[in-house]
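Okay, so here's the structure we're looking at.
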Amino acid sequence: MENNKGSAGGFARHRREDLIGKTYTYICVLLLIIVITAIVYFVASKGLATFITDGVSPVEFLFGTHWNPVGDNASFGALPFIAGSFIVSLLAALIAGPLSICAALFMTEIVPGKGKRILQPVIELLSGIPSVVYGFIGLTVLVPFISALTGGDSIGYGVAAGALVLSVMILPTITSIAADALASLPRGLREASYALGATRWQTIYRVILPTLAPSLWTGIILGIARAFGEALAVQMVIGNAPFIPKSLLTSASTLTSVITLNMTNTSTGSVQNNVLWSMALMLLFMTFVFIIVVRLLQRRNKL
Amino acid sequence: MQTSTQPRFGTEELSVFYGTHEAVKKINMEFPEKSVTALIGPSGCGKSTFLRSLNRMNDEIASARVTGRIWMDGEDLNDRDTDAVTLRQKIGMVWQRPNPFYKSIYENIAFGPRYHGTRSKKKLDEIVEQSLRRAALWDEVKDRLKESALSLSGGQQQRLCIARALSVSPQILLLDEPASALDPVSTGKVEELVIELKKELRIVIVTHNMQQAARVSDYTAYFYLGNLVEHDDTTRLFSNPANQMTQEYIMGRFG
């Protein structure tokens with residue numbers, strides 16, 4: 001029989017392999033941390049330069065409604081864009097949320113086998129379409145349609161078009177999270193409800209949805225986060241006017257659309273360029289907020 | 001329309017198919033009032049499937065098909081015109097794994113009665129207390145009714161599920177291995193409860209535990225490969241089984 005100490009060569013080899021594996025994973029993690037920290041640092045330093053170097057007041061940036069970045073009386077009120085981002089994202093979630101949850105219920109509760117086989121690939125396809133294609137369709141189909149719907153009073157570009165395009169884009173995000181949550185629900189809960197003489201609708205409404213509320217909210221928040229960060233498709237249909245929208249049909253802008261439109265027109269280091277970085281910082285900050293909310297919801301989910 | 005072949009509560013030629021596989025084969029069985037009937041047999045013998053078909057829970061499984069008749073006071077429960085939702089109020093069910101709703105203890109019990117239209121807070125309070133008392137859980141939880149049902153121990157959760165089933169005043173209780181996921185002390189409590197509850201209702205219990213069947217039941221039915229092999233008085237079946245297969249199974253020689 002082989003003695004454990006006798007196979008010293010094997011022991012050394014095992015230790016060496018462990019060491020190599022460990023070092024490799026450490027390097028990967030370190031690289032990730034460096035990249036993330038560098039991005040955050042870069043965005044923060046650029047974004048804060050607007051206020052520190054260029055002397056723009058943060059209050060004006062956050063709450064000013066006047067955006068006129070060029071000239072002697074330049075003003076940098078970004079509120080119209082902040083408001084625009086929130087309005088289109090929330091509207092998109094308002095449209096996509098109920099639709100997605102119903103789609104997920106259809107797949108898992110109403111027609112489990114067939115529903116899932118047909119809907120799942122469709123949803124996956126939706127999530128794979130590039131955002132420029134969504135924007136293009138919105139521009140070619142949705143914008144003229146909205147214009148025609150209002151009898152030509154509106155040009156069609158605006159908040160409604162932006163929110164609709166975004167709602168289709170976030171539909172797969174919310175649906176797949178909701179469908180996963182529904183699938184993870186213990187079977188016993190449904191049976192217990194049925195055995196008490198509940199109908200399917202009562203079971204969905206009173207047992208399944210309340211039990212899954214935190215997960216469903218997680219899906220909706222992640223949908224809002226995606227809508228908040230989407231630039232191209234929105235920019236193509238929202239009209240890009242620097243004002244707080246007064247109705248669903250008025251043209252507006254979002255933080256992302258202003259950045260994509262203006263980044264190539266400004267020179268690095270100028271106040272016009274720095275203020276775009278401030279908006280990027282704002283987007284980064286909102287992403288953190290969304291992640292924190294999702295974390296809190298998941299903690300609640302554990303009960 | 002009561003004829004001599006129709007049991008008060010029981011089955012006539014009841015079969016359950018999963019696809020083309022016949023999991024339960026033409027079972028004729030009667031469950032007498034105020035008694036416990038134990039269904040025993042090796043895993044996969046069809047006893048749980050049979051139990052589930054009694055309150056039409058197999059309706060929820062797309063591939064399952066149930067033929068034959070389930071009689072209850074002259075009505076065929078397996079008739080497609082019989083509303084499964086209504087009949088389930090009369091036939092409660094408890095499963096192997098405790099499955100309380102992710103709600104408070106109180107809400108778990110008040111849930112069923114609310115479905116069926118009880119709105120008055122006073123009436124609901126009454127039902128909650130009465131159901132918990134009948135399930136011998138009241139003294140342990142009366143001061144924490146607002147707490148999550150998931151904060152209870154496994155044994156308490158199972159008694160909560162029994163209380164929940166009792167909340168809609170069923171006439172029959174179906175128990176699918178109600179104690180097999182519990183520790184011995186909790187198992188003892190559930191068994192005491194079964195013996196107590198049979199004073200008021202019919203109970204059908206599926207169990208893998210021979211001693212448990214012998215302790216709690218008045219009648220025992222031995223299932224094998226979807227067939228009802230033997231159905232008799234519990235004492236007689238355990239002391240002097242008529243069938244060789246039953247004898248071997250209860251002696252622990254196979255299964």
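These values consider heavy atoms only, across backbone and side chains, with no hydrogens, waters or symmetry-generated copies. A, B, ... follow the sequence lines: proteins, then strands. Residue 1 opens every chain.
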Atom group of Lys90(B) that falls short of 4.5 Å from chain A, counting heavy atoms:
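For Lys90(B), neither part sits under 4.5 Å from chain A.
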Part of Pro113(B) within contact of chain A (heavy atom distance under 4.5 Å)
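Neither part.
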For Tyr205(A), which residues count as a ring-ring contact (aromatic ring centres under 6.0 Å, His included) partner, sequence neighbours excluded?
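Here the qualifying residues are Trp201(A).
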Sorted by number, residues from residues 169-199 of chain A in contact with chain B (heavy atoms, under 4.5 Å)
Pro186(A), Arg187(A), Gly188(A), Leu189(A), Glu191(A), Ala192(A), Ser193(A), Tyr194(A), Ala195(A), Leu196(A), Gly197(A), Ala198(A), Thr199(A)
Counting a contact as any heavy-atom pair under 4.5 Å apart, which residues of residues 106-128 of chain A contact chain B?
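Those residues of residues 106-128 of chain A which would need a heavy atom under 4.5 Å from chain B do not exist here.
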Heavy-atom count check: over 12 atoms from other residues, nucleotides or ligands less than 6.0 Å from [X] [atom1]?
| X | atom1 | answer |
| --- | --- | --- |
| Trp217(A) | CH2 | no |
| Phe17(B) | CZ | yes |
| Arg144(B) | CZ | yes |

Looking at Asp83(B), Val85(B), Ile91(B), which has the largest count of heavy-atom pairs under 4.5 Å with chain A?
Val85(B)
Greatest number of heavy atom pairs closer than 4.5 Å to chain A - which of Arg164(B), Arg97(B), Met93(B), Arg114(B)
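Option with the greatest count: Arg164(B).
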Residue-level interface, residues 49-60 of chain B with chain A, non-hydrogen cut-off under 4.5 Å
Arg52(B), Asn55(B), Met57(B), Glu60(B)
How about Tyr115(B) and Arg206(A): do any of their side-chain heavy atoms sit closer than 4.5 Å?
yes
